[in-house]
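Before any comments, here is the structure.
FYI, side chains are in, hydrogens and waters are out, and symmetry mates aren't considered; it's all heavy atoms of this structure. A note on names: the letters A, B, ... follow the listed sequences, proteins ahead of strands, and every chain is numbered from 1.
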Amino acid sequence: MTSVSLNGVSKRYPNGHEAVRAVDLDVAPGELIALLGPSGCGKSTTLRMVAGLEEITAGELRIGGERVNERAPKDRGVGMVFQSYALYPHMTAFDNIAFALTLQRLPAAEIEARVRDVARRLEISDLLPRRPKQMSGGQRQRVAIARALARRPRVLLFDEPLSNLDAQLRAQMRVELSRLHAELGATSLYVTHDQVEAMTLASRVVLMRAGVVQQVGAPLDLHDHPRNRFVARFIGSPAMNLWRGRLEAGAGAGEAGAGEAGVGEGAAVVLGAEAGAALALPLPPAARAALAARPALPEALEVGVRPHEVRLGAPAEGAWRAVVEVVEALGGESLLHCVALSAGGAPAGVRVVARVEGRPPAARGEVVGLSFPSSALRWFWADEEGESLT
Amino acid sequence: MTSVSLNGVSKRYPNGHEAVRAVDLDVAPGELIALLGPSGCGKSTTLRMVAGLEEITAGELRIGGERVNERAPKDRGVGMVFQSYALYPHMTAFDNIAFALTLQRLPAAEIEARVRDVARRLEISDLLPRRPKQMSGGQRQRVAIARALARRPRVLLFDEPLSNLDAQLRAQMRVELSRLHAELGATSLYVTHDQVEAMTLASRVVLMRAGVVQQVGAPLDLHDHPRNRFVARFIGSPAMNLWRGRLEAGAGAGEAGAGEAGVGEGAAVVLGAEAGAALALPLPPAARAALAARPALPEALEVGVRPHEVRLGAPAEGAWRAVVEVVEALGGESLLHCVALSAGGAPAGVRVVARVEGRPPAARGEVVGLSFPSSALRWFWADEEGESLT
Amino acid sequence: MSPPAPHSPAHDEEGAPRGAWARAWPHLLLLPFTALTLVPALWVVKMALRPAQSFDLSLSPLPEAWSLSNFEAVVGAPLFWRQAFNSVWVSALTTLVGVLFSATAAYALSRYRFPARRAALGALLVTQMFPGTLMMIPLYYLVDALGLLNEVAGLVLVYSATAVPFCVWNLKGYFDTLPREIEESALMDGAGPVALFWRVVLPLSRPALAVTALFSFMTAWNEYILAATFMSDERAYTFPVRLQQYVGEFSAEWGYFAAGALLVSAPVMALFFALQRQLVGGLTAGGVKG
Amino acid sequence: MSPPAPHSPAHDEEGAPRGAWARAWPHLLLLPFTALTLVPALWVVKMALRPAQSFDLSLSPLPEAWSLSNFEAVVGAPLFWRQAFNSVWVSALTTLVGVLFSATAAYALSRYRFPARRAALGALLVTQMFPGTLMMIPLYYLVDALGLLNEVAGLVLVYSATAVPFCVWNLKGYFDTLPREIEESALMDGAGPVALFWRVVLPLSRPALAVTALFSFMTAWNEYILAATFMSDERAYTFPVRLQQYVGEFSAEWGYFAAGALLVSAPVMALFFALQRQLVGGLTAGGVKG
Amino acid sequence: NALGCAPGEAGAPGGAGAGGGGRPPIRLWHAYRGEERAALERAARRFEERTGQAVSTLALPYSAFPNKLQAAAARGNGPDVFIFAHDRLGDWAAAGLVEPLGFWVSADERAALLTPTVEALEHEGNLYGLPLSCKTLALFYHRGLVPAPPSTTDALWAAARGARAAAAAAGATPPWGLAAPELSSLYFHAPWLHAHGGDALDLEGRAGAAVASARYLRARVEEGLVPAEVNGALASELFRGGRLAFLVSGPWLRGDLAGFSDWGVAPLPTLSETGRPLAPYLGVEAVMMSSRARDPAGALALMRALAGEEEARARLAAGQLAARRAPYEEPGALADPWLRAFRAQLERAAPMSGAPAMRAAWTPLQRALSSSVVYGESPEVAFEEARRALAASLRESSLGDSAEGGR
Ligand SMILES: Nc1ncnc2c1ncn2[C@@H]1O[C@H](COP(=O)(O)OP(=O)(O)OP(=O)(O)O)[C@@H](O)[C@H]1O
Ligand SMILES: Nc1ncnc2c1ncn2[C@@H]1O[C@H](COP(=O)(O)OP(=O)(O)OP(=O)(O)O)[C@@H](O)[C@H]1O
Ligand SMILES: [Mg+2]
Ligand SMILES: [Mg+2]
C-alpha cells in the first residue's frame, strides 16, 4: 500500500504549452482516484508524469513518501494501461503479459501461473496465443489491462482503459476492475471520459480543466456541490441547464445598511431579455446571504438545474410554460429539449432540457409546464470563474 | 438523395473468417441508419464494403439503384469518417478538409468557402492552420468529420465518429450532426457503441451479432420489442435482467387436448434451484398462447425485466424479497444490485439490477421488496436463439 | 546531476536522454566508427592543402606547408567546369530517375499483390550480386545497342539501374510501415492511384525518399569506371573520371586527387544539409489514433 | 473480367490490385529495370556455361555449347574452398558487426538528443563521399597501425565502417517510424535501455534490419580491392580477390570469371531467400490503436 | 660488376638477425594468372632449390596491384621483388619505391637483353628493373577475307576494300577493314603517329605529323573502313565472325582466338605515304626490386634468375615475347609464325617512356584523338589544345615534384 502525492506539479511542454499547472493531489494508499476533464485538459500528461514518461517541470512527486522526480520509470513500481494499448505487436498476448515478469526473472512456472490467473479474470484466456493484430479493439484493451496488472505494481495508472468496449462489456469490466482493485489494493489513478465509470469505481474524483484542478471530492459531492459552473456542467449527463439572468434586488434591497450590498426577500433572477416576470427564479436565503457578503451587487447571476430535477406538467401547472422542440426517447427514460415561453407566449430564448422516466410525456411542438424545486437550483456568480454562491 | 441496399452481402476474410454473413438492408434515400453491435461483430467491415475498401465476397450492393460491387471507392460517391481518424498527417486541417475538393478541381474560392463553412459548423475554425499532431484526439475527430462532409457525398459512412469526445462535447456534436444530416440529406450509415447516439440520431437501428443482423427497426422498437434475448440484453443500459427458470404448467395444463402442449392459467416460471414458489413469475396470456402453439412444452423459459421497470419497496411490499449487494449512486439516478432471497430467506442466486430515480432508497445490505409489473416482463425461449415468445 | 529527461514523445524534438549512462553510451558506440570515418577524411583535407603531389605518410593532421595550389590546378584544368557540370547533371538525373522508379516500384511491391511480385523482388537483388567488372561489358553492349553510348542518358540509365534495387528494397520497407487507413482516406476522398501516390504517399515518405535520393546521387556521383567506359569524349566525362586520371594508370598526383575529392564532396555535403530537414522522422505522427 | 480487389488492409497478404490498369502498371514500371537487370545476368550465366574464355557477344541467351568445365576449373583451383570460407566468414562478421553497430547508433540517433547528434549524422555521411581509391591508403595506414593487416578483423572493421553510415541512416529512418508508446510500455514494464532495445525495438525492426544485413553482407561479399590490399597471403584472400585475378590488363578469362561470379552470387541468393520472410512489412500492426 | 658475388652470400642484416632458421623468404608479388603464374611459381621453386633461399609469391589482381604496392611499400610491408608493367616506373622511381639497378647490372648483362626493353626500363639515366617479356601490337588478318598480309598500308586498304566489295557482291554484310580495340587511345594510335613522324612527347615540334596521322585515320573512318567506336571484346568478336579484315592487337588476343583458326599475324605494314613502318609502343613486363627489400643481394639473385635465359626460353615456348636475345637465335625458335611476327614487330616498336611527361601526355592526347578521329573535329585545334594542356600539367607537376623534396 503506497501513497502518491503531487505537490505543485506542473508540466510545460518544450513548445511552451503549459499542459498541467501546479497540481496538488494526495492519493491515499490503496485508493482509486479518477481523473476527469475535457479532452486536452492534461489528464494523460499527469499520468505520464507519475509514470516517469514525462519530465516534471516543477513541483514534487512522491510515491510512498519518497521523492521520485528523478527516478526512471522502471524504478517507480508503477504500472500503466495506455490510452492506445501500446501492446508489443511481435508478441502473443501471453508474452505481452509475461514480459514484465520475465524481466524480473521470475521462475517460468510462476510467470505461467500469474499470466493465466490475470487472463482468467479478464476473460482473455482464449486469446493468450494470439498476436495483437489478430484481436479486436476491445480484446486488445483487455490484454493491455492484464499486462499492467500482472506485474502487481504498487501504483496503477489507467488511461481510459475501457474506452473501446461496448456498453455491456464495459459494465462487466467495470465490475471486474472494481473487484481486482479491492484485491490487489494498488493505489490507482484512473482517467476516463465516462462519468459512470468515474462515479462507480473511484472513491474520489479529480476534475481538471486546462491543466488546473477544479475540484476534488467524492463523486456525489461533485454532483451535488459543484464548486463552480464548470464542474456543475461537466458532471452529470445530460449536462445541467445553466442560464444567465439579470439580478433583480426585490423588496427590502439595500435596507440592511449603507455599504452593504443586499437583496430583499423578493429578489430574483430574471431570464430572457424581454421575458418579464414570467421567467424569474427567486433567490433562496443562502444565495441572498452570499450576495450580502459581497461589497457590491453583481448585475447578473447564473442559475442551473439538472435535467432530472425539472418537473414536467400540464401547461397550466408549471412555473414556466415551454414548447417542446426535440424529443429523445431512450427507452427507459426520455429527454425533452424545450424552449421556455415568455409571458406573451413567444419563445424567450431560454432552453431547458428535462429528463423524465419512461416514455416522453409530451410530443414535439406541444406546450408543457415546467417547474423547478427551489432546492434543486444551483446559483453561480456570472464572472469568469463562475464559483458557486452557496 | 440516394438509396443504399445490401442484398445478401457477405464478407469472408482471406484467413477464412466470415466477418459479415448475408446482410440484407435497405437504407432509404436520406435516411440515417445506425449500426450497433458488440465489438468485432462486423460493423466496420460492413461500412468498408459499402465504401469499396473491402471486396464483397458474396451478394450485391446497390447505391442509388445501381450495382456498385465492382466500382472503385472514388466512383461511389461515398464519404467516410474513419474509426481511427486517418487524417493526412502532412497537411493542415484546412488542407485535410480541402483535399477532396481540390481533387475535384473546384475553384479555390469555392473550396475556401466550403471548408470555412463546414469548419464553423464543427467549431474547428481555429484549428484550420494546424496539423493533426498539434491537435487533441477530439479535435482530430471533428476534422475527420468535417473532411467527410465537405465533399457532400451522396452517402455518408460514420465509424464511431464521436468515440473520443467527452460527454459534453459528444452531446453537442450529436445535435450538430443531426442538424447537418437534416440539411445535407445524405443517406448515412452510422456505427456507434453509444446507444444514446444510435437512438437519438437514427431513424432505424440495425443490431448485428457475429456478422448476422439480429433486428432492424426504430430505436424504441428494439427497446420495447426485442426479437430475441441478445437484442433485449444489448439494447438499454443498464442491461435488462434476464433469468432462466423452470416452466411450471399450472392449473389447466394439457386440458386443451392431446398433442397440444398447453399451459394453464396458473402457469409460471420458477427461478432459482431451491427457491420454491417465492421466486415464481406468472405467465401472461400472450405467452401462454405462444406456448400453446408449440407441439411440446419446453422445460425452461427465460424471462427478463429492464432495471427501470423494477419497483422497489419495503421488504413486505414486493413480490420478491432481496438483499442489496452494491449501490451505485450516479447523481440523478441510482443502480441497486440485489440478490433475491428464497422463501427461506437464503440468497437464491438470482441477481436483479434495479434503477431508480434520484438517490439510492436503500443502502448496502438492506433487504428490500421487489416487484415487476407483469407488462414489463419479456419472455424468451430458452434455446440457442432465444427468440421472444410474444 | 542534471534532472532526468524522460523518453520524449513523438513530437518532442528537444528531449534529452535519461541520466549519465544513457547520455554516454551512444557516444561510446559511435566513437570507433567516427574515428575510422574521420581520420581518413582529415588526411584527405591535409593532402589537399599541401602543395605537393606525393603521398603523405605522417600521422599529423596538419600539413607542414599550406597552399591552395592544388585546388587552383584542379579547377584551372581544361574542361573542369564542363566535367563538373556533367557530374551534377548526370547525378541529378540519376537521382530523379532512380527515386522516381524505385518509389513507384517499391510502392507497387508494397501495396499490390501481383503474380511476379516475389520474383521481381528477387530479380532486383540479382544485379547487386555480380562483380562490377563483369557487368560492365554486357552493360556496354546494352547501352550501345540502345544507341546511348556517349550520351548522358546511357549513363543515367545504368546508374539508376544500379541504384534502383537497393532503393526499392529500402523504400518498400518504409512504405510497409505507412498506415493504410491514410491511403484509404484518400481513396474515399476521390483520389486515384496517381493522386494517392503523389499527394499522400510521397509526402509522407520524405525521410525514406531523402535517404534514397542521397544513395542514388552518390551512386552516380562517385562512379568513374562505367563513366570512363561509356564516354569516349572527354567533354562528356564526369568529374570522377577526371579525378581518377590523377591517380590513373600512369600517374599519382595525390595532391590534385585530394583537392579534387574535396571539391567532389562539397555538393554532396550541400545536398546533405539540404535534405537534413527532411530526414527527421515522425512524419506520420497524428494521422491515426494512438 | 475478374472482380475487383479493393485496397487490402494491413494484415491482408493476399489481396489483389484493383482492375486491369492497377494490375498492369507496376509491371510496366518494373519492366525496363528488370531488363537492365536480367539481360546482363543471363549473359553471365551463359558465359559461365560456355566452355570458353572469350567474351561472348551474341544476343542469344543460350550458349552454343554446354559444359560445366568453367565451374570445375574455378572450384578445382587451389585454395578455392579456403578463400570461399574466408569470404563467408568475413562477410558474416561484417554483417554482424555492421548491423550491431548501425542498429545501436541509429537507435541512439533516433531516440536520444545529445549534443553532437547532428554532427555525428553528418560525419557519418562524409565517408561516403570520397572516392575509394583515395581512402584506401589512409585506411591501409590505420589498419596497419592497429596491427590488423592480414587479419580478418582488419577487413571486417573496414567493411563495417564502410557499410555503417548508410545502414545508420537507413535504420534511423525506420526507427523514427516506430510508435514510441510501445517503447514506453516496455519502460513501464521495467525494461532498461538494453532490454528495451533487444527485446522490443530490434524484433520490431526486422524488415529494416534484414535490408541492412543484406547491404552489409554485400558490401563485404563483392569487395576485392581492399581485400587484395590488406591481405598479403593468398590463404587469407577472399573469393572476389581470386575472382578478380581472372581479369588481366588486356584480356580476361571470362568463362572462369562468370562461373566464379555465379558461385559468388549463390550464397547471396540463399541469404535473400532466408531473409525474405523477414522482409514482409506491417510488423507494428496492431500495437497501437487505429 | 662490383657485386657479382654469389647470391645470398652478401650477409644481409636480415640474414644475421634470423639466427639459426635461415633467411626470411623473398617476397615476390606479381599479377600473373593461369599458365604464366604456374610458370612463375615453377621458376621460383627452381630458384629455391638452387640457392636454398625461400621465395614466397603472392598473386594480386592486376587492378589492385599499383595501389597495394604504393600503400604497402610506404609502410614497409611491401614485397622485396615484384613483377609489373613498366609504365608506372617513372612514378615509382620518383617516389623512391623501386631500387635502381644500374650499379649492379653490367653492360654485358644488358647486352643479353633486347635493347628496346632495356631502354624502356631506364628512367633518368638509371635502370630500374630487369625485363621479362614484352608486349606490342601486330597486325592480325582474317584469312577468309585477306589471303596474305600486306606490307604497306596501301596494300592493306586495298585488301580491305576488296573484301568489302566481294562481300557486297555476294549480298553479305560488308566487313570492316581495320579495327583497333580503342581508336582514340594513344596506345593504339601510336603506330600511325610514329609512322607519320610524330611523337607524343613532342607536340610542339611535330604537330604537323600528329595532325596528319589523325586526319589520315579520320579519312578511313569516314570511308567506313575503320569503325570509330569499338572495344576489345567487340573487335575480336567481329574478327572471329568474319566481319573484320584486319585487327591491330597484341599477344593477349591469343585467348580470344581460341577455337578459331582462320587468322594470321604479321608485323604492322609500312605507311605508304612516308615509307616509315607503323611503330607501336613497346610495353615491358619487368621484375623490379623494392627500395625496401630486406636482402637486396638475394632479391637481385632472384631477379636474375627470373630474367635469365632458362626462363626466357620457357616463356618463348609458351608463346610469350621473352626479353632476351639468345632464345630467339636458337634454331627453330621462330618456327611459330606468331612469334616470328611479333619478334619482327619488336624491332620496330618504340619503347614507351616511363617519364612523368609520358603519363601527363596520355590524357590530353586521348582527348585530342577522340575529337579529331572519332568525332571528326579539326585536328589542328585538338592537338593545339592537347599541347597546351600538356605544357600546363608539366609545369604544375614540376612545381609539385620540386616541393616533394627528398621524397
Ligand atoms: N508533446 C507535447 N507537446 C506540446 N503539447 C502537448 C504535448 N502533448 C500534449 N500536449 C498538449 O497538452 C495538453 C494536454 O494533453 P493531454 O494528452 O494530457 O490531454 P488529455 O487530458 O489526456 O486529453 P484526452 O482526453 O484527449 O486524452 C493538450 O492541449 C495537448 O495538445
Ligand atoms: N483483415 C481481416 N482479416 C481477418 N479477420 C478480420 C479482418 N478484419 C477484421 N477481421 C475480423 O472480422 C470481425 C469483424 O471486424 P470489424 O472490424 O468489422 O468489427 P467491428 O464490428 O467494427 O468491431 P469494433 O466495434 O471493435 O470496431 C472481427 O472478428 C475481426 O477480428
Ligand atoms: Mg489522454
Ligand atoms: Mg470497427
How far apart are the closest heavy atoms of [X] and [Y], and which atoms are they?
{"X": "D:Arg199", "Y": "A:Leu103", "result": "NH1-CD2, 3.7 Å"}
{"X": "D:Leu204", "Y": "A:His90", "result": "CD2-ND1, 3.5 Å"}
{"X": "D:Asp189", "Y": "A:Phe99", "result": "OD2-CD2, 3.7 Å"}

Original post:
Listed by chain and number, what are the salt bridge (Lys or Arg N to Asp or Glu O under 4.0 Å) partners of A:Arg21, not counting sequence neighbours?
Top reply: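 With sequence neighbours excluded, A:Arg21 shows a salt bridge (Lys or Arg N to Asp or Glu O under 4.0 Å) to A:Glu18, given in chain and number order.
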**OP:** List the steps and the verdict of side-chain contact (heavy atoms from CB on, under 4.5 Å) for A:Met80 and D:Ser185.
**Re:** CA-CA 8 Å; A:Met80 180 157 174; D:Ser185 263; over 6 Å; no
**OP:** Using side-chain hydrogen bond (donor to acceptor under 3.5 Å, both in side chains) as the criterion, list what pairs up with A:Asn96, not counting sequence neighbours.
**Re:** none
Subject >> Inter-chain contacts: residues 57-64 of chain A against chain D, heavy atoms under 4.5 Å >> reply: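 Within residues 57-64 of chain A, no residue comes under 4.5 Å of chain D, counting heavy atoms only.
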**OP:** With sequence neighbours left out, write down each residue that passes ring pair (Phe, Tyr, Trp, His ring centres under 6.0 Å) with A:Phe158, or none if nothing qualifies.
**Re:**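 By the ring pair (Phe, Tyr, Trp, His ring centres under 6.0 Å) rule, A:Phe158 matches A:Tyr190.
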**OP:** May I ask you to test the D:Glu181-A:Tyr85 pair for a side-chain heavy-atom distance under 4.5 Å?
**Re:**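 D:Glu181 does not reach A:Tyr85 side chain to side chain.
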**OP:** Would you mind reporting whether D:Leu187 and A:Lys74 have side-chain heavy atoms less than 4.5 Å apart?
**Re:**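 Contact flag for A:Lys74/D:Leu187 side chains = no.
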